[in-house]
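Accompanying notes for the structure given below.
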2 protein chains.
Amino acid sequence: MESTMVRGKVGAQVDNEPEARAGGALPYELIELFFFAYRDFVSDPDRILAELGFGRAHHRVLHFVDRNPGLTIAELLDILKITKQSLNRVLKELVGTAFIEVRTGLADRRQRHLHATASGHALAARLAGVQGERIRQALHGVPAAAHPAIEAYLTAMIDPQERKQVLSRIRKGPVG
Amino acid sequence: MESTMVRGKVGAQVDNEPEARAGGALPYELIELFFFAYRDFVSDPDRILAELGFGRAHHRVLHFVDRNPGLTIAELLDILKITKQSLNRVLKELVGTAFIEVRTGLADRRQRHLHATASGHALAARLAGVQGERIRQALHGVPAAAHPAIEAYLTAMIDPQERKQVLSRIRKGPVG
DNA sequence: CATATATGTCAGTCTTATTGACATATCTCA
DNA sequence: TGAGATATGTCAATAAGACTGACATATATG
């Protein structure tokens, strides 16, 4: 009943993974924990967004615009990995409700630079707040010494080819 | 107010979180890492599923049925937190393609007990395999001593009210 | 000027989810 | 036994979020 290890290592009675053997038991616990953890992680913002008639797509757009002021359409599409048609509706709604502001590029007037407005930033911060609160309480039950390992683990879960780009974007610091 | 006959409670207490802070900067890195990590985590199965004309919904159903043989419709709905109408199409397709088998309950003939077929189990194992591989390589870059902390962290990210139920479901062997 | 680039938009489709309303079989209990 | 309650199935309409394809416009660049 050691609560932490991946289960089934010596599970004699159940032969539940015949063709699964690619070199050991599958980490079912971590697979399912990740699923449930992520679901609850996004549920907090979902409730707030629903009050405003927004969905997760709005959250993602607002979040990355807030974190990367001046982001262009193309950059945002690259981050979100969606098509411009998908982005369009959501972005139009966020602009229409004045949570995001569009400024024509100065150097290149074809570009659109996106910025969160004051209310956009407030909403983004509120959404990040509830998610941050969940993270904070989760970290609370874990030795501080292990916190870097958690970050390292999540980082290593990202596709290697994208990892560098994602990290540089994440760590680029807010507002500026 | 919002629940149907099928859904469980969703209303967590509102954690009023006005603007930014509460006791420090928001953990933006972990917020974004979780987002990107989860996206890539599901991308591997997505590719396999696409070949078969299936989507994520099929994956989830097949996964939990495979892991919990004999699962009833009601139990599955409780795990997935979707409506029976949503489940229906997906489940019908999985049954129609013989990845899942339905058996009428013996004790209670109203119930339907779901089982993965041989091919269903093979597919489930293949999907869990690619996800497990990603997890394994991610764990590789983290000191083994910190592995329990990662599991503890993910567990703590789950809603407290659900945590116990989720854990018992995850750790219990196949129902048989 | 010709072409490439950045963005916008129209139209249609798909998957996954929703709510609402019923239908049917079966179990339970008074 | 008969009246509900329960477990599941199904029809219909709708929505969010994504997609492809095609085309339009403005601007930059060589």
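A note on names: the letters A, B, ... follow the listed sequences, proteins ahead of strands, and every chain is numbered from 1. Reckoned from all heavy atoms, side chains included, excluding hydrogens, waters and symmetry mates. Since this is a predicted model, take the numbers as computed values, not measurements.
- Of the residues in residues 32-50 of chain B, not one places a heavy atom less than 4.0 Å from an atom of DNA chain C.
- The interatomic distance linking R60(A) (CZ) with dA16(D) (C1') rounds to 11 Å, in whole Å.
- For the atom pair F54(A) CZ and L62(A) CG, the distance stands at 8.0 Å (nearest 0.5 Å).
- Checked against dT10(D), dA17(C), dG17(D), the side chain of I82(B) finds its nearest nucleotide in dA17(C).
- Rounded to an integer number of Å, the gap from L87(B) CG to dC11(D) C1' is 17 Å.
- Between Y153(B) and F34(B), the angle of the ring planes goes over 60°, which puts this pair in the perpendicular group of the 30/60° scheme.
- Between dA22(D), dC11(D), dT16(C), one nucleotide has an atom nearer to the side chain of A57(B) than all others, and that is dT16(C).
- Heavy atoms of R89(A) sit under 4.0 angstrom from at least one base atom.
- Look at NZ on K81(B): it is 18 Å from C1' on dT16(C), rounded to the nearest Å.
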Pairs under 3.5 angstrom, nitrogen or oxygen only, protein versus nucleotides 4-8 of chain C, please.
unit_1 : atom_1 : unit_2  : atom_2 : d
dT5(C) : O4'    : R110(A) : NH1    : 3.4
dT5(C) : O2     : R110(A) : NH1    : 2.7
dT7(C) : OP1    : I73(A)  : N      : 3.4
dT7(C) : OP1    : R112(A) : N      : 3.3
dT7(C) : OP2    : A74(A)  : N      : 2.9
dT7(C) : O4     : K84(A)  : NZ     : 3.3
dG8(C) : N7     : K84(A)  : NZ     : 3.3
dG8(C) : O6     : K84(A)  : NZ     : 2.3

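- Using a distance-only test at 3.5 Å, with no hydrogens or angles considered, no donor-acceptor pair links the side chain of R112(A) to the main chain of V102(A).
- Checking the phosphate oxygens (OP1, OP2) of dC19(D), a side-chain nitrogen or oxygen of S86(A) falls inside 4.0 Å.
- The distance from atom CZ of R56(A) to atom C1' of dT18(C) is 14 Å, rounded to the nearest whole Å.
- At a threshold of 4.0 Å, the pair R163(B)-D40(A) does not count as salt-bridged, since none of the basic side-chain nitrogens sits closer than that to a carboxylate oxygen.
- Judged by distance alone, with hydrogens and angles left aside, Q85(B) brings a side-chain donor or acceptor within reach of the base of dG20(C), the pair sitting under 3.5 Å.
- A centroid separation of less than 6.0 Å is found between the aromatic rings of F36(A) and F64(B).
- Taking atom CZ on F54(A) and atom C1' on dA16(D), their separation rounds to 14 Å, with Å as the unit.
- Ring orientation note: the planes of Y38(B) and F41(B) are tilted relative to one another, at an angle of 30° to 60°.
- Using a 4.0 Å cut-off, no side-chain N or O of H58(A) falls inside it from OP1 or OP2 of dA16(D).
- N88(A) places no side-chain N or O within donor-acceptor distance of the main-chain N or O of K84(A), the cut-off being under 3.5 Å.
- Residues forming a salt bridge (charged side-chain N to carboxylate O under 4.0 Å, His left out) with R89(A) (at least two apart in sequence, or on another chain): E93(A).
- Put simply, T83(B) has no side-chain N or O that comes within less than 4.0 Å of OP1 or OP2 on dA17(C).
- Atom CD of E93(B) and atom C1' of dA17(C) are 14 Å apart (whole Å).
- Side-chain N/O atoms of H113(B) and E101(B) include no donor and acceptor closer than 3.5 Å.
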